S.K.: 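Below: one structure in structure tokens.
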There are 2 protein chains.
Amino acid sequence: MGTAKTSVNSQLDAAYQRVWGAIVSHRLLPGTRLKEDDLCESFDLSRGNVRKLLQQLAHHHLVTLIPNSGAFVAKPGREEAQEVFKTRRLVELEMVRELAQKCSPMDRQILEKHVEREHQAHSDGDNSLRIRLSGEFHLLIGALAKRPVLYQFLHEIISRASLIVALYQRSHSANGRSAGDRACCEHHDLIDAIAAHRIEQAVEIMDAHLTELQNQLDLDPPQEQQVDLKKVFA
Amino acid sequence: MGTAKTSVNSQLDAAYQRVWGAIVSHRLLPGTRLKEDDLCESFDLSRGNVRKLLQQLAHHHLVTLIPNSGAFVAKPGREEAQEVFKTRRLVELEMVRELAQKCSPMDRQILEKHVEREHQAHSDGDNSLRIRLSGEFHLLIGALAKRPVLYQFLHEIISRASLIVALYQRSHSANGRSAGDRACCEHHDLIDAIAAHRIEQAVEIMDAHLTELQNQLDLDPPQEQQVDLKKVFA
DNA sequence: CAACCTGTAATTGTTAACGATAATGCCGGT
DNA sequence: ACCGGCATTATCGTTAACAATTACAGGTTG
């Protein structure tokens, strides 16, 4: 019966989502090796399908494929990281603009329900979940904006951004609470502005929110690799 | 020696570029079937590699893979087409903004050289080449803007746009000349504005240019498929 | 004549075995 | 004791044969 093929495809999709979730919630850290055989066992897939999975992830820049060496979760440099955030801003502000125009009461309800879940994860101290939900909030905005083409870009860019956060965050959990609190509040304010169709205000809030996210990162020092040894030992 | 693997990879890249070129220059029309074995022969690739090629193209939305049936060059609907252009505008205006800030004299030279080639293709009556060069002009702007992350989006979106033009263009070659002429002139004006760092003017020119491109398309009628037969035969 | 069923051919999907490459560890030399 | 070369092993990459599915053509029947 057709069940076999369908289940294979859904298995592959499920595997993708699980790896994706592990990466964006910082349980798979940049640089981690993804051995084919291990993935075969973990998800009960044939090697060929694992290959496809890895190529999909590679195409989304979540993993890097090094020929004859293996697959590793990606480790973007600071330059790339900065441009990802720059691009994220472009895309996400457009999404907010779009949604703020045609946000229905039901949309608002969906958004508020999500923020509630965020709050709960935060109270429960489930950091991994909180991180993922925080990212998914932004994805949700994109989904409600009904811009499928742009949404795909958004999905990729937000995933990459999550990865970058794992790499370059300051204070690995020191002020995580205050930052998380602020993010939640900002999310709430943002929903208000969107639902009230106050477009420019919504855009500004999102812009500030993204700036804040970015400021928690350690992206500035391009760390000159070519240190002048002569000067050092002079 | 290592030559083998390298040549295989470059062969695959070459094949991708050839298929890409054929699609964006309207020599492979939407709906065309891409049989695996044929591609194997055409590019002297193994079936596995042809598979990879097709998946890459599918990921860029240039071909659609129908399971157990085959690969076809994509045939996006009008809605998708419109959103592609909307998104293209977002991305490309950002690129122009970026390049207009840091356009060097050498950048200007490169751009002008390209427009010259466009002109020549136009004089020679090589329509297929003219179409491709016209698209590559926009890609060139993106490349010079030095935004690698955004550039990749641009590449995909422009490719999709070229495909859409093949599907929905009005007047299949009637006023093609006047349209092409205007495009060339606009390209030239755009270069002037960019090189002079007149950012907002450059953005406006590009915006108008994109509007013009879009206006040559036949995207409006969502053609209600559910015709009321009773009314028709009343 | 049209619709339907059936068997064959053509095409795609999957797997498993083989070959190539890079990482690892051992050993001998200095 | 440390370093460089060599063999081994583990992993990735490729291919070719097989299985599954679909499209097509011929023939049959209402």
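Since the structure is predicted, the reported quantities are computational estimates derived from the model, not experimental observations. Just so it is clear: chains get the letters A, B, ... in the order the sequence lines come, proteins before strands, and each one is counted from 1. The basis for the numbers below is simple: all heavy atoms, side chains too, and nothing from hydrogens, waters or symmetry mates.
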S.K.: Ignoring backbone atoms, test whether B:Lys52 places a side-chain nitrogen or oxygen under 4.0 Å from the OP1 or OP2 oxygen of D:dT14.
M.R.: yes

S.K.: Are B:Glu98 and A:Lys86 ion-paired here, with the side-chain N under 4.0 Å from a carboxylate O?
M.R.: yes

S.K.: Whole-Å distance between C:dT14 C1' and A:Asn9 CG?
M.R.: 12 Å

S.K.: Where each residue is assigned the nucleotide of DNA chain D containing its nearest heavy atom, which of A:Arg33 and B:Ser46 is assigned the position nearer the 5′ end?
M.R.: A:Arg33

S.K.: I'd like to check B:Asp38 versus B:Leu34 (side-chain heavy atoms, cut-off strictly below 4.5 Å). Are they in contact?
M.R.: no

S.K.: For A:Ser69 and A:Gly48, take the nucleotide of DNA chain C holding the closest heavy atom to each; which residue's nucleotide lies nearer the 5' end?
M.R.: A:Gly48

S.K.: Tell me the interatomic distance from A:Lys35, atom NZ, to D:dC12, atom P, rounded to whole angstroms.
M.R.: 8 Å

S.K.: Heavy atoms from C-beta onward define the side chain here; which of C:dA23, D:dT15, D:dG13 lies closest to that of A:Pro67?
M.R.: D:dG13

S.K.: Just compare C:dT15, D:dC12, C:dG13 and give me whichever is closest to any side-chain atom of A:Asn49.
M.R.: C:dT15

S.K.: Identify whether the distance between the nearest side-chain nitrogen and carboxylate oxygen of A:Asp220 and A:Arg170 falls below 4.0 Å.
M.R.: yes

S.K.: Roughly how many Å is it from CG in B:Leu65 to P in C:dG13, rounded to a whole number?
M.R.: 8 Å

S.K.: Whole angstrom is fine here: how far is it from CD in B:Glu36 over to C1' in C:dT12?
M.R.: 6 Å

S.K.: Return the value, rounded to whole Å, for the distance between atom CD1 of B:Ile66 and atom C1' of D:dT22.
M.R.: 12 Å

S.K.: Given atom CZ of B:Arg51 and atom C1' of C:dT15, what is their separation to the nearest angstrom?
M.R.: 12 Å

S.K.: Is the shortest heavy-atom distance from the side chain of B:Gln120 to the side chain of B:Arg130 under 4.5 Å?
M.R.: no

S.K.: Could you state the atom-to-atom distance from CZ of B:Arg47 to C1' of D:dT14 in whole Å?
M.R.: 13 Å

S.K.: Could you check how far CG of A:Leu12 sits from P of C:dG13, rounded to whole Å?
M.R.: 13 Å

